[in-house]
Every structure is written in structure tokens, then in C-alpha cells.
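Whatever order the structure lists them in is the order used to number ligands and atoms, beginning at 1. Here the structure is a predicted model, which is why all the values come from computation and not from measurement.
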Amino acid sequence: MSTDKRYVVSACLAGVYCRYNGEQRETPEVIRLVEQGRALPVCPEQLGGLPTPRPPLERRGDRVVDKNGNDATGEFERGAREALRLARMAGCTAAVLQARSPSCGFGRIYDGTFSGALIPGDGVFAALCREAGLELLAPEDL
Ligand code: SF4
């Protein structure tokens with residue numbers, strides 16, 4: 001791992017209580033990066049204006065919906081843009097992201113049926129990071 005690389009990281013991995021259920025996912029490798037001043041924690045869903053806790057949401061095609069079919073695509077897109085803007089401002093070239101999230105997951109996400117089934121795909125923020133050329137990493141890749 002290069003010592004000057006800067007990372008944007010899912011805030012829940014840095015111990016922020018920002019998950020849909022009000023919990024966090026503190027991960028030692030990510031905490032270490034933040035302590036070293038090399039990581040910027042962001043929660044795209046909170047940056048898009050969604051409350052915590054919030055109902056679980058999943059991507060369904062181009063939309064993001066909760067179990068009742070309520071649409072939060074606009075909030076997800078706004079939050080992803082804001083998070084990427086901050087990441088660029090901070091000089092981040094890689095993203096360390098929480099698995100399976102409709103925002104941060106990459107490679108595999110829930111399929112939109114709220115059944116626990118996974119499909120190939122990226123969350124809204126992960127897709128934007130990928131398009132922007134950031135390296136996408138899971139905590140275990142650090
Ligand atoms: Fe964590 Fe990303 Fe979900 Fe926020 S949007 S709680 S940072 S996985």
C-alpha cells in the first residue's frame with residue numbers, strides 16, 4: 001500500500017452510526033487510515049438528506065426504493081454526487097466501501113426484492129466512484 005494514497009471511506013466503516021438501522025460497522029483497517037489522516041469518511045445516504053435510522057432501501061433497476069415502494073433515487077444521487085465532490089476535494093484516488101449497500105456496495109448488491117438475494121451490480125455512490133476512475137476496495141483489500 002502506497003503511504004501517500006488518500007481514501008474516501010464509507011463512514012459506517014469508520015464507526016459512524018449512520019447505517020439504516022442506526023448502527024455502525026467499525027473496521028480496524030479503516031479506523032487506522034482515518035487516524036493517520038489519510039481517509040475521508042462519508043455517508044452518501046446522509047449527505048443526500050436521508051434520516052438515520054431509515055427504512056432499508058435497495059436498488060431496483062435505475063431506481064432506489066424502500067420495502068413499501070417509496071422512491072429515494074433523488075436523495076441517493078444527490079448524496080453520491082456530494083460524497084464524490086468531497087472525495088475529489090480531499091485528493092482521494094481510492095474508495096474503501098461497505099459491501100452490498102445500495103450506495104456503497106460494489107460488484108454485488110441486493111436485487112431489489114428485499115429477500116436477501118444478491119445480483120451483480122454497484123451501489124449508486126460506488127458506480128459514480130467507478131466512473132470517476134477511483135480504485136474500489138473492500139476493507140479486507142487494505
Ligand atoms: Fe455506510 Fe454507505 Fe450505507 Fe452510509 S450509505 S451507512 S456509509 S454503507
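- Compare Glu45, Gln46, Gln98 by their heavy atoms: the one nearest to atom 3 (Fe) of ligand 1 is in Glu45.
- Among the atoms of Cys12, none of the N, O or S atoms falls under 2.8 Å from atom 2 (Fe) of ligand 1.
- Near Val42, meaning under 4.0 Å from one of its heavy atoms, ligand 1 places the atoms 7 (S).
- Proximity to Ala11 (heavy-atom distance under 4.0 Å) selects the following atoms of ligand 1: 7 (S).
- Considering Ile109, Thr73, Val64 in turn, Val64 is the only one that fulfils the side-chain contact (heavy atoms from CB on, under 4.5 Å) rule with Val124.
- Using a 4.0 Å cut-off to heavy atoms of Ser10, the atoms of ligand 1 that qualify are 7 (S).
- For the side-chain contact (heavy atoms from CB on, under 4.5 Å) with Thr52, the lone residue among Glu45, Glu23, Gln46 that qualifies is Gln46.
- The closest protein non-hydrogen atom to atom 2 (Fe) of ligand 1 is Cys104 SG, 2.3 Å.
- Of the possible polar contacts, one joining the Ser101 side chain to the Ser103 backbone as a donor-acceptor pair under 3.5 Å is found.
- Val34 and Met89 are assigned to two separate hydrophobic clusters, defined by single-linkage of ILVMFWY side chains at heavy-atom distances under 4.5 Å.
- Of all protein heavy atoms, the one lying nearest to atom 4 (Fe) of ligand 1 is Cys43 SG, 2.4 Å.
- In this structure, Gln98 contributes its side chain and Cys104 its backbone to no donor-acceptor pair below 3.5 Å.
- Near Ser103, with a cut-off below 4.0 Å to any heavy atom, the atoms of ligand 1 are 5 (S).
- The backbone N or O of Pro51 sits less than 3.5 Å from a side-chain atom of Arg54, completing a donor-acceptor pair.
- Residue contacts to atom 1 (Fe) of ligand 1: Cys18 brings no N, O or S atom closer than 2.8 Å.
- Contact atoms of ligand 1 toward Arg54: 6 (S) (distance under 4.0 Å to a heavy atom of the residue).
- Between Glu23 and ligand 1 there is no heavy-atom distance shorter than 4.0 Å.
- Counting atoms of ligand 1 from 1 in the listed order, those under 4.0 Å from a heavy atom of Ser101 are 3 (Fe), 8 (S).
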